[in-house]
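Below is one structure. I have some questions about it.
Keep in mind that the numbers below use all heavy atoms, side chains included, and drop hydrogens, waters and symmetry copies. Because the structure is predicted, anything quoted here is derived from the model rather than measured. Chain letters run A, B, ... following the sequence lines, proteins first, then strands; residues in each count from 1.
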Amino acid sequence: MGIYDSLNLEQKKGVETVEGPVLILAGAGSGKTRVLTHRVAHLIHDLGVSPFNIMAITFTNKAAGEMKERIDNLVGMGSEGIWVATFHSSCVRMLRRFADRIGYDTNFAIYDTDDSKALMKEVCKYCNVDTKQYKERTFLNEISSAKNELINEEMYASQNSADFRKEIFIRVYREYQARLRANNAMDFDDLIMKTVELLKYQTDVLKFYQDRFHYIMVDEYQDTNTAQFELVRLLASGRQNLCVVGDDDQSIYKFRGANIYNILNFEKHFPDATVIKLEQNYRSTGNILNAANSVIANNVGRKEKKLWTENDEGDKVHFEMLESAYEEADYIVRDIVRQNRNGKYGFGDSAILYRTNAQSRILEEKFIFEGVPYKIVGGVNFYARKEIKDLLSYMKTVNNSRDDLAVQRIINVPKRGIGQTSISRAMDFAINNDLDLFEALEHTDRIPNLGRASSKIEPFVELIHELRQISANEGVLALINAIIEKTGYVEELKAEKTEEADARIENINELISKVVDYEQNAEEPTLNGFLEDVALVADIDSLDESVPQVVMMTLHAAKGLEFPNVYLSGMEDGLFPSFMSITGDESEIEEERRLCYVGITRAMKRLTMTGAKTRMVRGETHYSSISRFVKEIPNDYLEGNTWEPKPRNYMDAPVDAAPKKSMKGAPLAAQTYKKQSFGTKIAKNDLDYTVGDRVRHMRFGEGEVVDINEGGRDYEVTVEFDTAGRKKMFASFAKLQKL
DNA sequence: GGTTTGAAACTTTTT
DNA sequence: GTTTCAAACC
């Protein structure tokens, strides 16, 4: 055949085992996408399976697009019939087709995080929730977790009926769902949950899709949540030809509901499953791979596997601890410039990864200063910008005027003299009469106490009617142009003549390009389809790797990518692992460690880790020590400078109320540099507190030391806090101050 | 009803 | 340090 010759034995097994449940445990860089694409080719070419009967599910559009392209290269004609899509867009496709079964219009809106939050705000107001006591976020998180576990508002109510503290959650969940439905809208989690409900309760629909999908493949299986598992299980429950590919060591989305037991217990869910392990890494040098292995080895409860490679050892991983975040950025950017000048690694070969989006700013400033081409993935989402949301809300209103949220956003943009009072009166009238806001606005004469405002509302209603005509007759591009022209949106920005306004106009032009692109490439372009594409994009989808530019992104966004030359920045305890995860609960540290493993394994040839001793966080100077993950890499694979604070100085270092001048003061001057001193142990007598002492923690407040235990390279201190309760923490980063 | 100002919260990761 | 939100002012 030829096309399978380049596969190793295990990969071949993954390609050829097509009947029944299959779990492919694919370590980082072990060629899992190759296996998936060749598997599809094998099904079509060798087994004569119709492309129409094959489904492949991914998490991002980028992954789906790449898989499509690679399948296309192998299979050629006919591959268009394969259903390759993300979880969310697959669900939307099924839901649109059978929307009437669950009481929705086929052009239902998809609410992003901002929309959900805006809706929740209204719900809280309506339910008289004291948002000082409960934040909107709290409810949204609770509801999201429930939906990820397939608990709808009714089940939630009955499960928590005995708990009076949950009463408010029950009311808010119910009201939130009621409003989504009234707005003909679903949030991200609804898309999955409602599809599962559709398949579960409409047996003919389930049969319809089971008859269509004979072979189902799921990528990044370790990141699926319970709802996604159930979706896949239902679809595959007939023929059982389900192949999932994943790596439990790369499970990094627990905070979003991912259930690691989906992959750990796959053989329990599917007892006759074939398990295939891909352990040969083709991506990284020996040193990089060994560094990754030694970090991840500290996690317990993982599937046993050890990645190996035939690649050269390569250079050791380099570590550099800098004085400040500015120097860190300077170090990285200058190194990138030097590598580029030497012709070793071009700008497009290099990527900088970090734990939090906030870290990108300093780097960006340096790149601009040095004139290096760069691209930041993530951060403020393009579609979250004000001007984009405004224009999209016009389009959403035209598409689905039941979406009250969209109508409210644009009713006074640009200013039409319709204020909050008038909107509230119209809203009240709408709710009392069971109408949509837009329907109410179409009958202003019947809204009480509206007064002069009705003369201002009428032209707005008229405008939407006109736009609706244009959309229906001339398409999406004509619509957006008409919106811009008739509202004078861009005119107004031009008149401002500020840099910010120019940037907004730039963004609007980019949105127009996206419309043009959509109309040219979509099979059957519709307004609804465009809005759907827009709602389901991920930040990473916009990354074009063929452009020679340095890429910066979070470690989360980097999953699935690879670069010859990688920088992991901000390797400091408290930043990475995140302060939020240092609670004493080891499973949270383990999730961070997996994230670190993902980061290291992105590197092919050269890996540099950096950290900063001081860093401004929210306007305050923070002092940090080297990330524990760096210390987990033996010197056999790691080289570079390090900095170990003397504990006494460390304790005395200003933590909370650092005087700004103290940057050059005594504590820092007394700190020492050491070469190769990873894992230096803090001596017990260097702690200036002992059991029974009162101490202060920057986050948990005051408390009493209950216990001090030796734990590896550090001391584990147990403190009974007055308000925060009992916490276990490590002495070197807990920054406990004796009182 | 709209605009300006100051305080308060915020940041871990996202389809 | 930045963004968001409310109160006070126009």
- Query: Once you round it to whole Å, what is the distance between P of C:dT4 and CG of A:D114?
  - Reply: 9 Å
- Task: Considering just the side-chain nitrogens and oxygens of A:N357, establish if one lies under 4.0 Å of OP1 or OP2 belonging to B:dT12.
- Result: no
- Task: On DNA chain B, check which nucleotide each of A:I418 and A:S581 is closest to and give me the residue with the more 5' one.
- Result: A:I418
- Measure from the side-chain heavy atoms of A:Y253 and tell me the nearest of B:dT12, B:dT14, B:dT15. B:dT14
- Pairwise P distance, C:dT4 and B:dT13 [rounded to whole Å]: 15 Å
- Query: Whole Å only: how far is the CZ atom of A:F87 from the C1' atom of B:dT14?
  - Reply: 15 Å
- Query: Does A:H88 have its ring centroid less than 6.0 Å away from the ring centroid of A:F59?
  - Reply: no
- Query: So, does the side chain of A:R355 form a donor-acceptor pair with the base of B:dT13 at under 3.5 Å?
  - Reply: yes
- Identify whether any heavy atom of A:K121 sits under 4.0 Å from a base atom; if not, whether one sits that close to sugar-phosphate; answer base, sugar-phosphate or nothing. sugar-phosphate
- Give the rounded distance in Å between these two atoms: CD of A:E365 and C1' of C:dT2. 13 Å
- Message: Just checking A:F139 against A:Y176, ring centres under 6.0 Å apart?
- Response: no
- Message: Rounded to whole Å, how long is the line connecting atom CZ of A:R615 with atom C1' of C:dG1?
- Response: 15 Å
- Is the A:F255 to A:Y253 ring centre distance short of 6.0 Å? yes
- Picking from B:dT12, B:dT15, B:dT14, the nucleotide nearest the side-chain atoms of A:A557 would be B:dT14
- Note on the structure: Against the side chain of A:T113, the closest entry in B:dT14, C:dT2, B:dT15 is B:dT15
- Query: Got a salt bridge between A:D115 and A:K389, using NZ or NE/NH1/NH2 to carboxylate O under 4.0 Å?
  - Reply: yes
- Apply the test side chain to side chain contact (heavy atoms under 4.5 Å, CB included) to residues A:S581 and A:I589: give CA-CA distance (whole Å), side-chain angles for both, the deciding distance (0.1 Å), then the verdict. CA-CA 6 Å; A:S581 69; A:I589 296 288; 4.0 Å; yes
- Whole Å only: how far is the CD atom of A:E220 from the P atom of B:dT14? 15 Å
- Message: Can you identify which nucleotide, out of B:dT15, B:dT13, C:dG1, has its nearest atom closest to the A:R361 side chain?
- Response: C:dG1
- Message: So if I take every side-chain heavy atom of A:S422 and compare against B:dT12, B:dG1, C:dC5, which nucleotide ends up nearest?
- Response: B:dG1
- Query: Hey, is the side chain of A:K415 poking within less than 4.0 Å of OP1 or OP2 on B:dT3, counting only N and O atoms?
  - Reply: yes
- Rounded distance (Å) that lies between atom P of B:dT14 and atom NZ of A:K254: 17 Å
- Query: Between B:dT15 and A:S89, is there an OP1 or OP2 to side-chain N/O distance shorter than 4.0 Å?
  - Reply: no
- Task: Please state whether the phosphate of B:dA9, meaning OP1 or OP2, lies under 4.0 angstrom from any side-chain nitrogen or oxygen of A:K135.
- Result: no
- Task: Would you kindly give the OH-to-P distance between A:Y354 and B:dT12, to the nearest whole Å?
- Result: 16 Å
- Has A:F255 got its ring stacked on the base of B:dT13, with centres under 5.5 Å and planes less than 30° apart? yes
- Separation of A:N259 atom CG from B:dT15 atom P, in whole Å? 20 Å
- Task: Determine, step by step, whether A:E387 and A:Y489 satisfy the side chain to side chain contact (heavy atoms under 4.5 Å, CB included) criterion, reporting the C-alpha distance in whole Å, the side-chain angles of both residues, the deciding distance to 0.1 Å, and the verdict.
- Result: CA-CA 9 Å; A:E387 60 277 15; A:Y489 201 102; 3.8 Å; yes
- Query: Quick one: is A:N412 getting a side-chain N or O under 4.0 Å of the B:dG1 phosphate, OP1 or OP2?
  - Reply: no
